[in-house]
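To keep things clear, I will list the structure first and then write my remarks on it.
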Amino acid sequence: MSTDAITPVFVRLKLSLLRNGLRQSGGRKAAYITSAVFALLFAALQLIGLIALRGHAHAESVVVLAVAVLGLGWAVMPLFFPSGDETLDPTRLVMLPLRPRPLVRALLTASLVGIGPLFTLCLLVGSVIAVARGGAAFVVGVVAVVLALLVCVALARAVAAANLRLLTSRKGRDLAVLSGLVIAVGAQIVNFGAQRIGASGLGELDPAAGILQWVPPASAIGAVHAVSEGSYGLAATQLALSAGALVWLLALWSRHLTRLMTSPDGSTLPGAESAAEERSSTGLGRLLPTGRTGTVMERSLRYVWRDPKIKTAWVTSLAIGLIVPVFNAWQGTGSVYFACFAAGMLGIQMYNQFGQDTSAFWMVAMTISSTRDAYVELRARAYALLLITLPYATLVTVLTTAMLGDWRRLPEALGLSFALLGAMLATGAWTSARFPYSIPQEGYKNVAPGQTGLAWISIFGGMMAAALLCAPVIALTIWLNVSADGGDWTWLLLPVGTAYGAGLAAAGLKLAAPQTARRLPEILAAVSKG
């Protein structure tokens, strides 16, 4: 077969993969059709909204930023959803006599088939209509749409090819779990950005758009606006940037394809030296207490570092716990009390402690033969959490206070944070023993089927109980701030809140220990489900 004839073959292959994938099950077909309908509906609404921007003073800034974000989405999607498109793995074609350039051309064309490219096309067309004025601008707009679309697709393919060995390994599949973090953090950033734009208008976008108009694929849309303004030299430069980026991405993609299809896969085989180093590394263990307490702490910390879902939960809590108070302080609308958000987000990690172990909990259960064993186990897990949470909550509180310049309230904010953390350790230990549930290792679900009610009771019931337990410290804080002479004594809230939180945590662990020892069979059955 001629190399020029493989392009239609690859297009038919892509269509066959889509069709056969939908035939696997009715649920998959329904999910695909539903997602396609919603994506196309959103694309249509977006197209209408962009057309409505035509003639607006800041239309260029909006569309340039939209296309830049779109390009970023194309770049990161292969990292988070490596199994979403089977044609992303060119190593399946390694036994075929195909040269890189024809293969790149065929794969690029096949990549234009799908909902994603259609959605991108709608956004690009709407962006051109929003900023184009005059026949020349629309002619350039056609070229810009083609260039921007090809840059987006080539960018996704180049990123996927460059990281394919990682994406097809176990660690790469674990990386997909971090998509939840990106969504959570991105939602907070979008929320604060929308608030700022709502308060100041679309003019806030102009500085960022002025920079991004030189970054492909947004530079292609910037060229359309430049032609509308009569700046033909500027438009030619911006188009040249997009064309150059496309050529570079295709060359990068071709180079990675050549390496992938001609070199062995050793990405998942660690070197003997590094493996030996890892086995002999006991630095963490030397810093922890001896006996069962240190062993449990080290195991818990290793789970945080190595288990994808536990790591994702921690990183998400760390990120959001910092973003909410700091962004509010940066906007001038925050309060030092928002710093308690950091302690609250990390305190959630104490809930469902045994469920995090999944079926491996049976090894822990074998070492628990008395209430004392259960108490030491829970206490060590709490210590491991405090090892991260205490300095982090303190750092966030100090940073928020510094941004607001309200140093007088630092002791009471820290006291409230420590009291809340102690309350969540107490309720988390008790609900871990009383309402355990399983966390599936595969996929994106964090609760096994049939255990959603247990998860709600454990997390939200525990959080409400923690809030009630903190009521005395909250009441004391309010009383000292509203009373005439209380302002001079607010510094007492730091030692009072710290002692109160420590007392709550100790009491919660004492109450949870007999529950844990008595309910070991039920806990083991619950966390091993699914």
Side-chain angles (χ1 to χ4, degrees), residues 27 31 174 176-185 187-188 300 303-304 307-321 324 341-362 364-365 374 377-378 381-382 384-385 388-389 420-470 504-505 508-509 511-513 515-516 518-530:
D174 294 344
V177 182
L178 291 176
S179 58
L181 169 62
V182 174
I183 294 172
V185 176
Q188 291 296 326
S300 298
Y303 277 174
V304 172
D307 186 273
K309 289 199 172 182
I310 297 177
K311 181 191 293 187
T312 299
W314 270 92
V315 173
T316 302
S317 296
L318 289 168
I320 298 179
V324 171
F341 205 84
M345 288 298 299
L346 294 187
I348 294 175
Q349 305 308 316
M350 188 64 188
Y351 294 87
N352 197 35
Q353 277 291 309
F354 306 129
Q356 295 177 6
D357 296 356
T358 62
S359 58
F361 178 68
W362 73 270
V364 177
E377 175 75 24
L378 286 168
R381 291 178 184 240
L385 188 143
I388 301 173
T389 304
L420 175 61
L421 181 58
M424 297 191 77
L425 289 177
T427 57
W430 191 84
T431 57
S432 292
R434 192 65 185 82
F435 304 107
Y437 58 91
S438 178
I439 302 176
Q441 289 298 288
E442 300 296 331
Y444 301 96
K445 292 183 178 180
N446 290 316
V447 182
Q451 294 186 329
T452 306
L454 285 174
W456 277 85
I457 294 173
S458 175
I459 297 176
F460 291 99
M463 290 172 64
M464 291 178 64
L468 291 175
L469 289 173
C470 287
L504 284 179
L509 293 172
L511 289 174
Q515 287 271 348
T516 302
R518 185 170 59 251
R519 301 187 73 251
L520 273 179
E522 292 91 336
I523 295 172
L524 182 58
V527 302
S528 301
K529 182 178 180 180

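The structure displayed is predicted, hence computed values, not measured ones.
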| query | Do the non-hydrogen side-chain atoms of Asp357 and Tyr303 ever get within less than 4.5 Å of each other? | reply | yes
| task | In sequence, state the C-alpha distance, the side-chain angles, and the governing distance for Phe341 and Ile320, and then conclude on side chain to side chain contact (heavy atoms under 4.5 Å, CB included). | result | CA-CA 8 Å; Phe341 205 84; Ile320 298 179; 3.7 Å; yes
| message | To check you understand the geometry: which heavy-atom pair defines the closest contact between Thr516 and Ala433, and what is its length? | response | OG1-CB, 3.3 Å
| remark: Rounded to the nearest 0.5 angstrom, the CE-CD1 distance for Met350 and Ile459 is 13.5 Å
| note | OG1 of Thr316 to CE of Met345, rounded to nearest 0.5 Å, is 7.5 Å
| message | Measuring from atom CG of Leu425 to atom CG of Leu346, what distance do you get when rounded to the nearest 0.5 angstrom? | response | 10.5 Å
| said: Applying side chain to side chain donor-acceptor pair (under 3.5 Å), can you list everything that pairs with Gln349, at least two apart in sequence or on another chain? | reply: Ser317
| query | To the nearest 0.5 Å, how far apart are CD1 in Ile523 and CZ in Arg434? | reply | 10.0 Å
| request: For the residue pair Phe361 and Phe354, categorise the inter-ring angle as parallel (less than 30°), tilted (30 to 60°) or perpendicular (more than 60°). | output: tilted
| request: Might you work through the side chain to side chain contact (heavy atoms under 4.5 Å, CB included) test for Ile457 and Thr431, ending with a clear yes or no? | output: CA-CA 8 Å; Ile457 294 173; Thr431 57; over 6 Å; no
| said: Check whether Arg381 reaches the backbone of Gln353 with its side chain - one donor and one acceptor, N or O, closer than 3.5 Å. | reply: yes
| Over all atoms of both residues, closest heavy-atom pair of Leu504 and Ala423 | CD1-CB, 3.8 Å
| message | Tell me the closest heavy-atom pair linking Ala526 and Pro436, and the distance in Å. | response | CB-O, 3.6 Å
| message | Please report the interatomic distance CG(Leu385) to CG(Leu421), rounded to the nearest 0.5 Å. | response | 6.5 Å
| Full working for side chain to side chain contact (heavy atoms under 4.5 Å, CB included) between Lys311 and Val304 | CA-CA 5 Å; Lys311 181 191 293 187; Val304 172; 5.7 Å; no
| task | Taking side chain to side chain donor-acceptor pair (under 3.5 Å) as the test, write out the residues that go with Asn352, two or more places apart. | result | none
| query | Does Thr358 reach the main-chain N or O of Ser528 with its side chain, forming a donor-acceptor pair under 3.5 Å? | reply | no
| Counterpart residues, side chain to side chain donor-acceptor pair (under 3.5 Å), relative to Tyr437 (two or more places apart) | none
| task | Provide the closest heavy-atom pair for Ala374 versus Ala513 in the form atom of the first, atom of the second, distance. | result | CB-O, 3.4 Å
| So how far is it from Trp314 CH2 to Ile388 CD1, rounded to the nearest 0.5 Å? | 4.0 Å
| Between Gln515 and Trp430, what is the shortest heavy-atom contact and its length? | CG-NE1, 4.1 Å
| query | If you take all heavy atoms of Met463 and Met424, which pair is closest and at what distance? | reply | CG-CE, 4.0 Å
